[in-house]
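If you're wondering where the values come from, they're calculated on a predicted model, not measured in any experiment. Here is how names work: the chains are called A, B, and so on, in the same order as the sequence lines, proteins then strands, and each is numbered from 1.
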Amino acid sequence: ETGVTQTPRHLVMGMTNKKSLKCEQHLGHNAMYWYKQSAKKPLELMFVYSLEERVENNSVPSRFSPECPNSSHLFLHLHTLQPEDSALYLCASSQDRLAGWGSTDTQYFGPGTRLTVL
Amino acid sequence: AQKVTQAQTEISVVEKEDVTLDCVYETRDTTYYLFWYKQPPSGELVFLIRRNSFDEQNEISGRYSWNFQKSTSSFNFTITASQVVDSAVYFCALSEGGGANSKLTFGKGITLSVRP
């Protein structure tokens, strides 16, 4: 398989559930990202990992917990979410080796996970 | 701070028409990168083009062309002879030239509908 893959594609969960989103990149990239895309809003950068280290957390609530066990895999663990967290969650990767946020290489995106919180 | 403005929110055209999607950006850096992405109904953002601030040559790729003008801080995207498969949301994005605080900033997107 090539590119960036995400599972599941669709997820419905209650506010008390715990679930995880998975992202895998097959591009040999060094950096991975989580974005949130809500209706009528620009894409919001949530987390950035470079060489498996979290580079920055963009003031994301603690009910979202990222994990990057290796340079090819990225997870987003979800617990006690709110209905306003319903959105499309997109994963991306790039060649960048990042000291901070800094990303100038092209980011390649996965198909996203459509999350609905009831 | 960097900013991307896509003033058009929705555009509807009939197949075979040409359509231009506008993008205006703001940055204080002299080195920066501009991108266009396509998001079809399936959700995935598909990379279309990356240009750096030192290369103002216009680019053509099949039915797609891009017009980069630093004087007006614009990076417009034209689809020639549009097709139904071009229906999607199109995002323009800007990344400043590296360093600790650079990140990819997206515009709000333009929804393009191409009718048969």
Side-chain heavy-atom pair [X], [Y] within 4.5 angstrom cut-off:
X: A:T106; Y: B:Y37; value: yes
X: B:L104; Y: A:L43; value: no
X: A:D105; Y: B:R50; value: yes
X: A:Y108; Y: B:V46; value: no

Give a yes or no on whether [X] atom [atom1] has more than 12 heavy-atom contacts from other residues, nucleotides or ligands under 6.0 Å away.
X: B:I60; atom1: CD1; value: no
X: B:K70; atom1: NZ; value: yes
X: B:Q57; atom1: CD; value: no

Hey, quick one: are [X] and [Y] part of the same hydrophobic cluster, counting side-chain heavy atoms closer than 4.5 Å, chains of contacts allowed?
X: B:L21; Y: B:V13; result: yes
X: B:I49; Y: B:Y25; result: yes
X: A:V60; Y: A:Y49; result: yes
X: A:F75; Y: A:W34; result: no

Is the A:F109 to B:F47 ring centre distance short of 6.0 Å? no
Which heavy-atom pair separates B:K108 from A:P42 by the least distance, and what is that distance? CG-CG, 3.8 Å
Tell me yes or no: between the side chains of A:Q37 and B:Q39, is some donor less than 3.5 Å from an acceptor? yes
So for A:E44, is it side chain, backbone, both, or neither that comes closer than 4.5 Å to the heavy atoms of chain B? neither
Under 4.5 Å from a heavy atom of chain B, the part of A:R9 involved: side chain
